[in-house]
Amino acid sequence: MKTLGLLIVFLSIVSYGFVISRSTKNEAVQSKELLRLMIHIKDQIKHFNKPLGDIYTSFESENSAINTFLHNLCITDWDNALENTENLQTSSKCKSIIREFGKKLGKNDYTSQIEMCDYYINIFEKEVELLCSLSPQKTKISISLAFYAGLLLLIIMW
Amino acid sequence: MNITPKLLDCLPLEMKRIINNYEAINEIRISKGCPMGLTVGNKTLITDYVVSGDELEFCLQRICKSSMHTYFDSIKKGYIPFDEGYRIGVCGKAVTDDGNIRNISEITSINIRIPTRNYKVPKALLNTVSHSNGILVYSPANIGKTTFLKALINHLSSPPHNKRMSVIDCKGELYTHKNNSSIVDYFVGYPKYDAINMAIQNMSPEIIVCDEIGLTDDVSPFVECANCGVCLICSAHAVNSKQIMSRKNIRKLIDLGVFEAFVGIKISHGERIYDFKKREDLIS
């Protein structure tokens, strides 16, 4: 009975490690999608000068969180859309960049909008690069940590 | 009420409440820090409701669909195109460069003109006019020139006329009730003269329709159009035929024989009156 209990505890800790690693991977994937969205917005303004509503609906993503975010964008502003998209996973730094970007979107003339987009895309791109480069390490660490923590607990409680 | 939900959505709650008290509004005037003005029938009313800067910004953002970049060129020209035939004029503080408007630093006033929806142009008049080669429709602002043009487009593109038409619609006002016909082509938002040349070269129209002419000196595209055998149907601002003749650029076109028929529109005792004239009558 004791062995079974310990095995369950061990497996729970290890699976928690996997959950964290998956969320780290999602963070990178979704941040990349958000970057793609920002570039899409800039391109659509630059080449077609389209209104934002049309730009949001013309963006295609296979990520469900990004689709929910886009849906929210069509009915509310960026701040609320970020708040209301529960499964959107990105770093807090990325979120604050996105928030600022959204606040300044649609408030100025064509040239200023393109310049503004370029500025935020550059910052965001660096942040996404950092996130992506750290993602494999973070994934590995979280799984290893969970495994060793589970093992340690197993030894202590044996 | 004659205002559609789409426009009402662009207004703050308190404004909607006031507007709801009136049946037929022609204009809504919104100025930062000033009481809201309404034109109802022929009367201009000043309400007690003072519009704040935030409320004006709210209206502006809603009208522009939160996309100022899309409408900035037209804002520099003093208007924002809006669906359903509304004409929205804007003005404020301009930043100029060599006499050209480079930017608008602040928008302080919005004037929303509500189109006249429920009047029909008499069919007999449309029949008479449609046999003329070159038609100029004139009236003061907000009397019904655009509505008349729309009716004429529908009439001429339907059997038995079936005329191929190109509609040069700089402000997107004629396109709002787009005719469902493959023989009517709309050039929306194109510069007027470029669009005329493009239409002649590529769309082989029998008729070119153009709203609000005579504001610039260059009349050559219109003359070119007439010389190519394309009939022109245009509109211009003027109270009467005397005024139309005194407008230098339009006079040039009349003298060159671009227009054969003239339709003046005015309102008397709440009724629209059409004054149809042939070129000879107008000149004499």
Side-chain angles (χ1 to χ4, degrees), chain A residues 34 37-59 66 68-85 97-122 124, chain B residues 5-7 9-10 12 32 53-84 86 88 90-97 100-108 110 170-172 175-176 187-191 194:
Chain A
L34 285 171
L37 172 64
M38 287 167 86
I39 294 169
H40 174 78
I41 291 170
K42 187 197 119 178
D43 286 347
Q44 292 288 311
I45 293 176
K46 191 173 179 179
H47 302 300
F48 307 108
N49 211 358
K50 275 190 183 174
L52 293 173
D54 292 355
I55 297 178
Y56 300 149
T57 47
S58 67
F59 186 75
I66 298 294
T68 315
F69 178 62
L70 282 169
H71 173 75
N72 288 337
L73 273 183
C74 293
I75 46 179
T76 183
D77 57 23
W78 282 66
D79 234 1
N80 286 322
L82 275 172
E83 292 291 317
N84 298 339
T85 315
I97 296 169
I98 284 275
R99 211 169 254 132
E100 269 184 57
F101 170 76
K103 263 184 199 160
K104 291 182 180 164
L105 207 55
K107 301 260 162 61
N108 227 318
D109 65 302
Y110 173 84
T111 320
S112 313
Q113 280 297 294
I114 305 289
E115 283 169 5
M116 189 279 286
C117 286
D118 278 335
Y119 174 75
Y120 282 101
I121 286 169
N122 273 338
F124 198 76
Chain B
K6 203 165 186 178
L7 181 71
D9 271 353
C10 299
K32 188 180 170 183
D54 284 347
E55 283 171 323
L56 185 110
E57 181 66 30
F58 173 88
C59 295
L60 203 60
Q61 281 295 324
R62 285 294 181 99
I63 291 165
C64 290
K65 299 171 190 158
S66 302
S67 309
M68 289 280 270
H69 56 272
T70 308
Y71 301 100
F72 216 78
D73 271 348
S74 64
I75 287 173
K76 281 202 278 187
K77 289 176 193 159
Y79 71 96
I80 303 172
F82 195 80
D83 302 341
E84 297 167 343
Y86 292 101
I88 300 178
V90 286
C91 65
K93 294 173 186 166
V95 181
T96 56
D97 191 3
N100 298 315
I101 299 170
R102 188 160 57 94
N103 212 334
I104 306 291
S105 63
E106 191 189 3
I107 292 172
T108 49
I110 303 175
C170 301
K171 291 187 178 178
Y175 186 72
T176 51
F187 288 76
V188 183
Y190 287 70
D194 292 343

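Quantities reported herein were computed from a predicted structural model and do not represent experimental measurements.
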Exercise. Is the count of non-hydrogen atoms from other residues, nucleotides or ligands lying under 6.0 Å from B:Lys76 atom NZ greater than 12?
Worked result: yes
For this session: Using a cut-off of 6.0 Å, state whether more than 12 heavy atoms not belonging to A:His71 lie near its atom NE2.
Result: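 Open.
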Exercise. If you count heavy-atom pairs under 4.5 Å with chain B, which of A:Gly106, A:Ser112, A:Gly53 comes out on top?
Worked result: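 Ranked by heavy-atom pairs under 4.5 Å with chain B, first place is A:Gly106.
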Seminar exercise, completed: Only one of B:Met68, B:Gln61, B:His69 passes side chain to side chain contact (heavy atoms under 4.5 Å, CB included) with A:Lys107, and that residue is B:Gln61
For this session: Check each atom of B:Asn103 against the heavy atoms of chain A and say whether the ones under 4.5 Å are side chain, backbone, both or neither.
Result: side chain
Can you tell which part of [X] gets under 4.5 Å to a heavy atom of chain B, answering side chain, backbone, both or neither?
X: A:Ile114; value: neither
X: A:Asn108; value: backbone
X: A:Lys50; value: backbone

For this session: Provide the closest heavy-atom pair for A:Leu52 versus B:Ser66 in the form atom of the first, atom of the second, distance.
Result: CD1-O, 3.1 Å
Problem set entry | From B:Tyr71 atom OH to A:Asn49 atom CG, the distance as rounded to the nearest 0.5 Å | 9.5 Å
Exercise. Taking atom OG1 of B:Thr70 and atom CD1 of A:Ile45, what is their separation to the nearest 0.5 Å?
Worked result: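 That separation rounds to 7.0 Å.
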